[in-house]
Amino acid sequence: VTIQSTRPTRGRPLPAPRIPEWEVSTMPKIITELPGPNARAYLEKSKKYEPQSMSDQVPLVWDRAEGCVIWDVDGNEFLDWSSGVLVTNVGHCHPYYVEQVKDQCDKLFNCYDFLTQPRADLAEKLVQVAPDHLDRAFLVTTGTDATEAAMRMCRRAHEGFEIISFHGAFHGRTYGAASAAGSRGTKNGFGPMMTGFLHTPFPYFYRCPFGSETEEECGNKCIEFLDWTVERESCGALCAVITEPYQGGAGSIMAPKGFFETLDKWCKEKGIYFIFDEVQSSFGRTGKMFAMEHYDIKPDLVTLGKGLGSGVPCSAVLGTSAIMDVLPPGSMGSTNGGNPLSSRAALAAIDIIQKEGLVENAARMGELFKQRFEAIQQKHEQLGDIRGMGLVWGLEMVKDKASKEPDADFTRRIVLNAFHRGLCMIAPIGLYKNVLRVAPPLIITEQQVHETCDIFEAAFEEALIS
Ligand code: PLP
């Protein structure tokens with residue numbers, strides 16, 4: 001569904017002119033109808049020359065961005081709750097990041113898989129920041145590349161080939177990654193998927209497939225069902241389980257306490273590998289450097305992307321030498337993987353995250369968001385469930401709390417209203433397209449948390465009446 005509107009802006013008073021300085025927070029400023037004339041021209045051009053399969057976002061045509069502020073091609077100013085789909089963890093165009101990338105542009109862009117200093121430095125840095133048992137880093141470009149690489153490594157290092165994943169999971173859009181996915185979204189109409197994948201329920205407590213009364217029961221039932229799935233479907237050739245730490249695309253679904261610890265143990269008992277897909281959840285997003293640090297687990301492979309490059313595409317698989325050293329030279333590589341530009345960008349991003357305390361900021365600001373969302377939930381029937389940690393939140397919208405009937409129209413109206421008020425939100429997600437995702441850059445300030453929540457609340461209340 002394309003969210004399109006040419007509705008003029010409401011009579012909201014314009015804020016004082018923005019002081020164009022780093023880290024100075026102001027309310028957004030809308031100076032044209034939305035989309036403005038330049039934006040409309042680009043939207044037309046895109047319609048003419050691009051497949052429209054890519055996006056169902058609001059018609060915001062980005063021009064530039066700084067920190068948590070975005071300007072569109074008409075000079076309208078927005079605050080960002082998207083981080084460009086959970087990518088720009090360090091904020092848009094952070095000065096140090098820009099400086100490091102520019103410096104690399106003067107030196108070298110690509111040399112295929114010949115070694116460079118930035119690639120070696122990044123591999124070292126990743127192993128240093130990762131939990132101790134992970135001692136190798138393999139660099140690629142997209143999150144999907146990382147998923148594919150991790151699954152290929154498991155199959156190469158293990159005699160089995162079957163991979164278990166979860167209903168609702170998203171791991172990317174190539175055939176291997178889509179086969180691992182546990183929802184129709186990336187499969188529908190694309191023909192048969194690959195064999196060798198088994199799917200089993202993820203503990204989505206708000207809509208527990210087993211009707212559980214407590215989160216703990218929901219988690220336990222899903223673990224019990226794993227054995228059922230294996231007994232019925234496996235040919236005795238299991239090699240790995242892959243899961244996200246929280247299911248992003250399925251609606252920011254958080255697993256109950258203890259679930260991953262039990263799953264990790266289950267994998268170890270079965271003698272199979274545990275792949276933790278941290279493409280979205282790593283580099284401070286959840287209030288820890290890696291989401292795995294919230295749990296007492298030791299995944300064998302961890303996929304990284306998005307926030308790793310924080311803008312310039314970069315992804316990686318972190319793993320154990322026991323698995324990765326099985327791969328002989330030339331058996332896995334890529335044209336752009338670990339290229340010097342991506343590696344420099346990722347090194348700069350990790351530096352910023354560490355030096356500016358962004359992991360801690362994400363945890364602190366996350367608590368503020370939670371309080372604000374809970375206050376809205378207490379007032380309104382339509383905010384059914386709030387799920388999240390750090391700076392990734394899912395707000396599930398329903399007709400009323402008792403029925404839990406999903407309300408996709410209401411959800412879409414909020415995103416559109418927020419856009420008209422100067423807040424950039426990602427299009428609704430989840431099986432029923434009734435979940436709003438809140439994922440601002442990790443540099444967001446307390447003032448910006450409150451400003452954006454004020455805008456969101458107004459957009460929510462406006463959606464109740466229109
Ligand atoms: N895995 C997870 C958990 C993701 O959220 C995504 C992207 O949203 C991917 C994999 C795929 O990453 P990319 O779009 O960079 O290929």
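Both counts, for ligands and for their atoms, begin at 1 and track the order of listing. The model shown is predicted, which means the values in this text are computed figures rather than measured ones.
- When each of Phe78, Trp62, Trp71, Tyr97 is paired with His92, the ring pair (Phe, Tyr, Trp, His ring centres under 6.0 Å) condition holds for Trp62 and for no other.
- When hydrogens are left out, the protein atom nearest atom 16 (O) of ligand 1 is Thr144 OG1, 2.5 Å; that is the closest non-hydrogen contact.
- When hydrogens are left out, the protein atom nearest atom 6 (C) of ligand 1 is Phe170 CE2, 3.5 Å; that is the closest non-hydrogen contact.
- In terms of protein heavy-atom proximity, atom 2 (C) of ligand 1 is nearest to Asp277 OD2, 3.5 Å.
- Remark: ligand 1 atoms within the under-4.0 Å shell around heavy atoms of Gly143 are 11 (C), 12 (O), 13 (P), 15 (O), 16 (O).
- Aromatic ring orientation, Phe260 versus Phe274: tilted (interplanar angle from 30° to 60°).
- Annotation: atom 7 (C) of ligand 1 to nearest protein heavy atom, Lys306 CE, 3.3 Å.
- At a 3.5 angstrom cut-off on N or O pairs, Thr147 does not count as close to ligand 1.
- Contact check for Val398 versus Tyr206: side-chain heavy atoms found under the 4.5 Å cut-off.
- Ring geometry for Tyr96 versus His94: interplanar angle over 60°, hence perpendicular rather than tilted (30 to 60°).
- Under 4.0 angstrom from ligand 1, the non-hydrogen atoms of His171 all belong to its backbone.
- Of the protein's non-hydrogen atoms, the one nearest atom 5 (O) of ligand 1 is Gln280 NE2, 3.0 Å.
- Among Phe225, Phe210, Phe166, the single residue meeting the ring pair (Phe, Tyr, Trp, His ring centres under 6.0 Å) criterion with Phe202 is Phe166.
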Step by step, would you call Asp227 with Trp266 a side-chain contact (heavy atoms from CB on, under 4.5 Å)?
CA-CA 10 Å; Asp227 287 316; Trp266 188 89; 3.0 Å; yes

